[in-house]
Protein chains: 2
Amino acid sequence: MSKTKQTTKTDILKRTIPLFAQYGYDKVSMRQIAEAVGIKAASLYHHFPDKQALYIEALSLAFSNHADFMDESFVLQASPERRLRQLILGLCTLVNEDPDFSRLMQREIMDGDEKRLQFLADHVFGDFFRDMSELCLSMAPDKDPHLMSISVLGLVIYHFQISPIRFFLPGFQDSHNDSQVVAEHIFSLLKNTH
Amino acid sequence: MSKTKQTTKTDILKRTIPLFAQYGYDKVSMRQIAEAVGIKAASLYHHFPDKQALYIEALSLAFSNHADFMDESFVLQASPERRLRQLILGLCTLVNEDPDFSRLMQREIMDGDEKRLQFLADHVFGDFFRDMSELCLSMAPDKDPHLMSISVLGLVIYHFQISPIRFFLPGFQDSHNDSQVVAEHIFSLLKNTH
DNA sequence: AAAAATCTATCTAACGTTCGTTAGGGTGAC
DNA sequence: GTCACCCTAACGAACGTTAGATAGATTTTT
């Protein structure tokens with residue numbers, strides 16, 4: 001009978017991630033989290049010492065879900081150009097299908113302290129960024145791979161970031177919210193780089 | 001001798017903008033704003049009806065300061081390629097020299113309601129985005145000008161956004177924080193687009 | 001095997017703090 | 001004398017958090 005009443009830490013975190021992602025740390029109260037989980041605020045303190053710890057654990061879970069994707073995009077043996085294409089499409093799909101992930105990352109980059117930024121760089125960007133730099137180097141040896149990697153990331157992520165306001169900008173079409181269309185556009189920008 | 005004691009609305013707003021930009025709406029209290037201005041919190045209500053109004057007016061001021069820059073970049077008659085180069089450099093300089101502006105915009109895009117997004121699109125992006133789309137169309141007629149404009153914006157803005165974490169990423173160099181270096185990199189990515 | 005003790009997850013109630021905001025009074029300038 | 005500007009003091013609400021009790025499951029003891 002305990003199945004329906006007990007709450008695990010992971011249950012709480014999964015319900016918490018969308019709240020922090022959408023509203024940000026300060027706009028989400030412990031009572032609001034508790035309600036989303038189906039318990040009272042005080043009960044949260046049985047699972048987590050304080051709000052900060054709950055947030056950090058939610059972050060870790062949200063990020064760990066996608067830390068592996070990054071690597072996978074690189075294992076396939078193909079031409080650099082095909083790998084870049086695949087990578088951009090994968091990134092576009094990722095940020096579009098998991099907005100929580102993208103928003104949490106954005107909030108962390110904006111407001112995170114040094115320790116949290118270090119964590120982000122090591123465990124989320126980490127290997128991905130290194131592989132990306134290598135790929136850039138093999139495609140455009142004359143360009144700075146660090147700048148190139150950030151440019152690729154920026155192209156993908158900004159198209160997602162700006163989507164709330166995109167509707168109000170001149171020339172908007174529904175297709176601009178399609179991650180495949182955006183991916184193709186970005187790839188067409190980069191493939192001629194030399 | 002009222003010069004040293006009186007406070008004008010604009011004085012308050014100018015002191016408020018950096019606070020909202022750095023910490024965000026919720027993390028800035030009326031008492032904190034008042035202290036930065038040199039008065040008490042209650043006195044703020046002589047100038048503004050409530051915190052929300054103060055924030056909106058601060059936003060308007062921060063944005064109006066740069067609404068005109070956008071246009072200026074387009075008046076000069078030159079080849080599209082030179083205009084693009086100039087525009088990218090101008091944008092890079094803008095976002096680097098006025099981080100408050102960039103951060104406020106980022107926060108608004110993330111958390112603003114529909115009305116505020118509409119305002120942002122009309123009065124900040126507005127003409128700039130239209131001119132940018134035209135420029136893109138003349139340089140790359142086969143590409144969607146809406147997507148192209150956002151890509152250019154994204155390249156510039158993301159390089160700024162990610163600067164807090166850049167230090168921790170592989171391949172970082174001091175020069176990557178130089179807006180001119182970044183501008184040149186971005187331009188080199190785009191000039192070959194056809 | 002039954003009873004007792006412990007542990008786990010939750011609850012209600014409340015505490016102390018901070019927040020946005022208001023009421024009401026003072027003081028100097030025009 | 002009126003108005004603009006600032007002050008002190010306080011209010012009510014919301015917040016994070018703690019104390020203490022309760023019910024059910026689990027473990028230990030008899």
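As the structure is a computational prediction, the values presented were derived from the model and not from experiment. Reminder, nothing fancy here: chain letters follow the sequence lines and each chain counts from 1.
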Checklist entry - Is there a residue in residues 43-60 of chain A whose heavy atoms reach under 4.0 Å of DNA chain D, and which residues are they? => result A:Tyr45, A:Asp50, A:Lys51
Checklist entry - Taking only residues two or more places apart in sequence or in another chain, which ones pass side-chain contact (heavy atoms from CB on, under 4.5 Å) with B:Asp113? => result B:Lys115, B:Arg116
Checklist entry - Can you pull the salt bridge (charged side-chain N to carboxylate O under 4.0 Å, His left out) pairs that have at least one residue in residues 42-58 of chain B, sequence neighbours excluded? => result B:Lys9-B:Glu57
Item to check | B:Phe167 atom CZ, neighbour heavy-atom count above 12 within 6.0 Å | outcome: no
Item to check | Residues that A:Ala121 engages under side-chain contact (heavy atoms from CB on, under 4.5 Å), provided they are two or more places apart | outcome: B:Ile165, B:Phe168, B:Leu169
Checklist entry - Which residue pairs pass the side-chain hydrogen bond (donor to acceptor under 3.5 Å, both in side chains) test with at least one member in residues 22-40 of chain B, sequence neighbours excluded? => result A:Asp26-B:Lys27, A:Lys27-B:Asp26, B:Tyr25-B:Gln52
Checklist entry - Which ILVMFWY residues are connected to B:Met110, directly or by a chain of links, through side-chain heavy atoms under 4.5 Å apart? => result A:Met110
Item to check | side-chain contact (heavy atoms from CB on, under 4.5 Å) partners for B:Asp144, two or more places apart | outcome: A:Gln173, A:His176, B:His146, B:Leu147
Checklist entry - Of the residues in residues 23-34 of chain A, which ones touch DNA chain C at a heavy-atom distance under 4.0 Å? => result A:Arg31
Next on the checklist: Test of understanding: with side-chain contact (heavy atoms from CB on, under 4.5 Å), list the residues that count as partners of B:Cys92, not counting sequence neighbours.
Outcome noted: B:Ile88, B:Val156, B:Ser179, B:Val182, B:Ala183, B:Ile186
Item to check | Rounded interatomic separation in angstrom, taking NZ from A:Lys40 and C1' from C:dT12 | outcome: 9 Å
